[in-house]
Structures are given as C-alpha cells and as structure tokens.
Colleague: 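Please read through the structure below; I'll follow up with questions.
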Protein chains: 2
Amino acid sequence: MNNKIRNKMELNKQFRQFGHKMTSGRETTIDVLSETDEHLSAEDIHIKVHSVNPKIGLTTVYRTLELLINMGMVSKFDFGDGRARYELAEGFKGAKHHHHLVCTGCGRIVDYSEFVKEEKTFFKRIELELSRKYDFRITNHLVQFYGLCKKCEGY
Amino acid sequence: MNNKIRNKMELNKQFRQFGHKMTSGRETTIDVLSETDEHLSAEDIHIKVHSVNPKIGLTTVYRTLELLINMGMVSKFDFGDGRARYELAEGFKGAKHHHHLVCTGCGRIVDYSEFVKEEKTFFKRIELELSRKYDFRITNHLVQFYGLCKKCEGY
DNA sequence: TTGCAAATGGTTATCATTGTCAATTTATTT
DNA sequence: AAATAAATTGACAATGATAACCATTTGCAA
Ligand SMILES: [Mn+2]
Ligand SMILES: [Mn+2]
Ligand SMILES: [Zn+2]
Ligand SMILES: [Zn+2]
C-alpha cells in the first residue's frame, strides 16, 4: 500500500513548512502515537520507539514531542501522577476532540467525546466574554473530571 | 480582637476532627494562604511562613500543604510551569469558587468567578451522564483557559 | 557528491518533591 | 506543674522527570 508513502510525503511537507527536517525518529514517534489509544509518558513512548528503532534515545523523544506540540500535532497532559502524558492532537490521524475522566485511585484515564458539541457552544460563549473582560486572547481550554472508577470505589 | 482567638479555636477543632494537632507552623501556613490573592508555590509559601516563623522548614510546608489538601482546606493546581500552586479551597476564609485564565506567555493567572452558576448547572448534568455511562464516581472537575494576556500578545 | 545547518545520543545537571531519622513539640494525664 | 506518649519537626539525602551540553551524525539543497 503506497498509502504509507503518501503519508510520509505529507509528514515531510508538514515538517518543512515549520522549517524542520523529517527524520526516522520523528516518523517513528508519530507512528507510535498513532497506533495507541493509551496516554503514554515520554518514557513509554521511548520504549516503543526504541523497540522499532533502537538507535533513538530518550532525549530525542523529549525533543520530538516538544516539536510536535509546537507544530500542533501532539497534545500534552498532566493527570497528576508526576509525568506528562502525550496524545495525537485533534485532527491528526483521525484523532477526535475529547476530554478525560481521571481516576484518582488507580490513575486510569477514560476518554470521552460526548457533549463535545454542547461544550463547544457553551465554552465559545464563555471564552468570548472572558476574553473581553480580562483582555485575554484565549486559545484553548482544558477540562478534566476527577473521581473513582468502579474498581477503585469498591469496598 | 478576640476574633483571632475564635478563629484559632475553630482551626484547632478542625485539626482534631481529622486526628491531627494544631501547630504554629500549620497556623502560619493557613494565615499566609488567607492573606494572599496570588497563586503561591510551596517555596513561595515557605518564604512567607519563614519570615514570620524562621524555624519552619520547607519540608514541613510541603507536609502541611498535603495535610490541608486532604482536609479539604487547600487546593493544588498545575499551571504548567513545573511547580504546584496552592490556594485556599472554596469556602474557607471566604474563598469563592472560581476558575483560571493562564497566560502561556508570562504565566500570569487570572481568577474569574463569572459563569460559575451556569457552569455548575452545565457540569452537573454532564457529570451525571458520564458517571452512569463510564461507572465513575466523579468528585470534582478542573477547568482552565489558556491564552495570552494583553501584555504578552502585544507586538 | 559535497557542505553545512539541523538533529541526535550519551551523559551530566537541574530542581521540585519525597524519604529518613533523631530531636522537639503537643495534648493529655497525673 | 511535671510526666508521658504520640505526633510533628527540621536538616539532610534521595529520587525522578526533564533540560542542558557537546561531540558526532544525518538530511537535503546545490
Ligand atoms: Mn485522551
Ligand atoms: Mn485562583
Ligand atoms: Zn481506578
Ligand atoms: Zn502574559
């Protein structure tokens, strides 16, 4: 399937547009993020990248993630366990806008995309008013729910 | 003013209810948090506490903050600058429920409490449905807006 | 191909937070 | 007020995620 090739060329273009080069490490990192539905830490990602391309070091993974964030392809989250988590940003490889339920017992993360439409409407209005009132150009927002998953609230 | 004394006795009771003792360090920490409208880091708090009571160490401040969080008197936030920020929780010393605008340029934090009522309604409904669908007992939520303050988006 | 800026990897440094443990303080009981 | 036992503390060391360094390698335009 030369779908892969087309994809590669797309990526190449993306990087060039931002004044960067495409490298095998960067490509592998994106692949890893595309192929998971988990919320991987930098080290998690490194382990997976490393298993495909053992030459890639952890430092490069950190640098790549930062770059991808700046390019808008990756989102970084803090779920309160002391390490950042990364996922493909909305719109890349079919990733959909969603928010998170975080279990404060076991750390489990649940993606949900219900209410996205209502939420968008709701937040759009709020953002507009807050922007005006506080002279802020709001670019994005974060919503997270905390609680206990079924397993963790058992007694 | 024996308002202070009453306050002290209230605090004392609070601690005892949780099986803890009230100490001068803990009292000073609460005072510091009561008297600021900033979003202080542990070190910020330690500096202020230390200036009142030079015997108190940073470790104790960390421990006290953790305790106060467990007692529901303090909230801990991450605004993405690599250190936690603390503030008095809703309901203590007149602290009001609010959310935050975070400037990604200079790190400035703006409290806002507009829309709290609408938000409560909105989130209550969402939380109910998510709880059901994902078997989660949701206990609280986090909302933050990111963007650029007036100063930072100037050119 | 060649040249050179960009990217990399191994290592060390940083720095917020937590663990350790002997000494001190607190609240309670005589 | 003094004794007691348990909780709290402070100084210091340990931890762990992330960033800085720098010599070497790689991507790509000419
Ligand atoms: Mn997710
Ligand atoms: Mn606040
Ligand atoms: Zn859980
Ligand atoms: Zn700013």
Side-chain angles (χ1 to χ4, degrees), chain A residues 8-9 11-30 32 39-71 73-74 76-86 107, chain B residues 8-30 32 39-71 74 76-86 107:
Chain A
K8 200 162 181 166
M9 288 177 67
L11 266 187
N12 207 304
K13 200 199 275 184
Q14 289 266 3
F15 281 110
R16 269 181 296 168
Q17 276 178 337
F18 276 83
H20 295 290
K21 298 172 177 176
M22 199 187 59
T23 67
S24 84
R26 288 171 179 176
E27 198 191 344
T28 309
T29 302
I30 293 170
V32 164
H39 299 85
L40 302 175
S41 68
E43 197 186 348
D44 294 337
I45 293 167
H46 177 236
I47 289 171
K48 286 176 188 281
V49 167
H50 196 264
S51 80
V52 173
N53 190 338
K55 213 167 23 154
I56 309 288
L58 178 58
T59 305
T60 297
V61 170
Y62 270 106
R63 278 186 298 231
T64 299
L65 289 169
E66 195 190 348
L67 177 63
L68 294 175
I69 290 168
N70 288 333
M71 291 171 64
M73 298 175 67
V74 164
K76 181 180 182 178
F77 292 92
D78 167 41
F79 297 126
D81 67 342
R83 74 199 60 193
R85 305 275 167 176
Y86 304 85
Chain B
K8 202 163 180 165
M9 288 175 67
E10 277 300 322
L11 265 187
N12 206 305
K13 200 199 276 183
Q14 289 266 5
F15 280 111
R16 267 182 296 167
Q17 277 179 338
F18 276 84
H20 296 290
K21 297 174 177 174
M22 201 187 59
T23 67
S24 85
R26 287 170 181 177
E27 200 190 342
T28 309
T29 302
I30 293 170
V32 164
H39 299 83
L40 302 175
S41 68
E43 196 185 350
D44 294 338
I45 294 167
H46 177 238
I47 290 170
K48 286 176 188 282
V49 168
H50 196 264
S51 79
V52 174
N53 190 339
K55 213 168 24 155
I56 308 287
L58 178 58
T59 306
T60 297
V61 170
Y62 272 106
R63 277 187 297 231
T64 299
L65 289 169
E66 196 189 348
L67 177 62
L68 294 175
I69 289 168
N70 288 333
M71 291 171 63
V74 165
K76 182 180 183 178
F77 292 92
D78 168 41
F79 297 126
D81 66 343
R83 74 198 59 194
R85 305 275 168 176
Y86 304 84

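These numbers come from the heavy atoms of this one structure, side chains and all, not from hydrogens, waters or symmetry mates. Computed from a prediction, not measured in an experiment: that's the story for all the values here. Every chain is numbered from 1 and lettered A, B, ... according to where its sequence line falls, protein lines coming before strand lines.
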Colleague: Out of curiosity, B:M71 CE to B:L68 CG, how far, rounded to the nearest 0.5 Å?
Modeller: 6.5 Å

Colleague: Below 3.5 Å between N/O atoms, which protein atoms pair up with nucleotides 27-30 of chain C? Just atom names and distances, please.
Modeller:
{"unit_1": "C:dA27", "atom_1": "OP1", "unit_2": "B:M22", "atom_2": "O", "d": "3.3"}

Colleague: Across nucleotides 12-19 of chain C, 5' to 3', mark each nucleotide with B, S or - according to how protein heavy atoms within less than 4.0 Å reach it.
Modeller: ----SBBB

Colleague: Check the distance between C:dT26's C1' and B:E27's CD and give it to me in whole angstrom.
Modeller: 14 Å

Colleague: Please determine if a side-chain N or O atom of B:K55 lies less than 4.0 Å away from the OP1 or OP2 oxygen of C:dT25.
Modeller: yes

Colleague: From CD1 of A:I47 over to P of D:dA17, roughly how many Å is that when rounded to an integer?
Modeller: 11 Å

Colleague: Specify the separation, in whole Å, of atom CD1 of A:I56 and atom P of D:dT25.
Modeller: 15 Å

Colleague: Just how far is it from atom CD of B:Q14 to atom NE2 of B:H20, taken to the nearest 0.5 Å?
Modeller: 12.0 Å

Colleague: Would you kindly give the CZ-to-P distance between A:F15 and D:dG27, to the nearest whole Å?
Modeller: 13 Å

Colleague: Is a donor on one side and an acceptor on the other found under 3.5 Å between the side chain of A:R26 and the backbone of A:K21?
Modeller: yes

Colleague: A:F18 has an atom CZ; how far is it from atom P of C:dA6, in whole Å?
Modeller: 17 Å

Colleague: Given 3.5 Å as the limit, does a donor-acceptor pair link the side chain of A:D44 with the main chain of A:S41, or not?
Modeller: yes

Colleague: Taking all heavy atoms of B:I45 and all of B:T29, pick out the closest pair and write down the distance.
Modeller: CG2-CG2, 4.1 Å

Colleague: Please report the interatomic distance CD(B:E43) to CZ(B:R83), rounded to the nearest 0.5 Å.
Modeller: 6.5 Å

Colleague: Can you tell me how far CG of A:N70 sits from CG of A:L65, rounded to the nearest 0.5 angstrom?
Modeller: 11.0 Å

Colleague: For A:R26 and D:dT26, what is the distance between atoms CZ and P respectively, to the nearest whole Å?
Modeller: 15 Å

Colleague: Phosphate oxygens OP1/OP2 of D:dA7: is one of them under 4.0 Å from a side-chain N or O of B:H20?
Modeller: no

Colleague: Return the minimal non-hydrogen interatomic distance between A:I56 and A:H46, and the atom names on each side.
Modeller: O-NE2, 3.1 Å

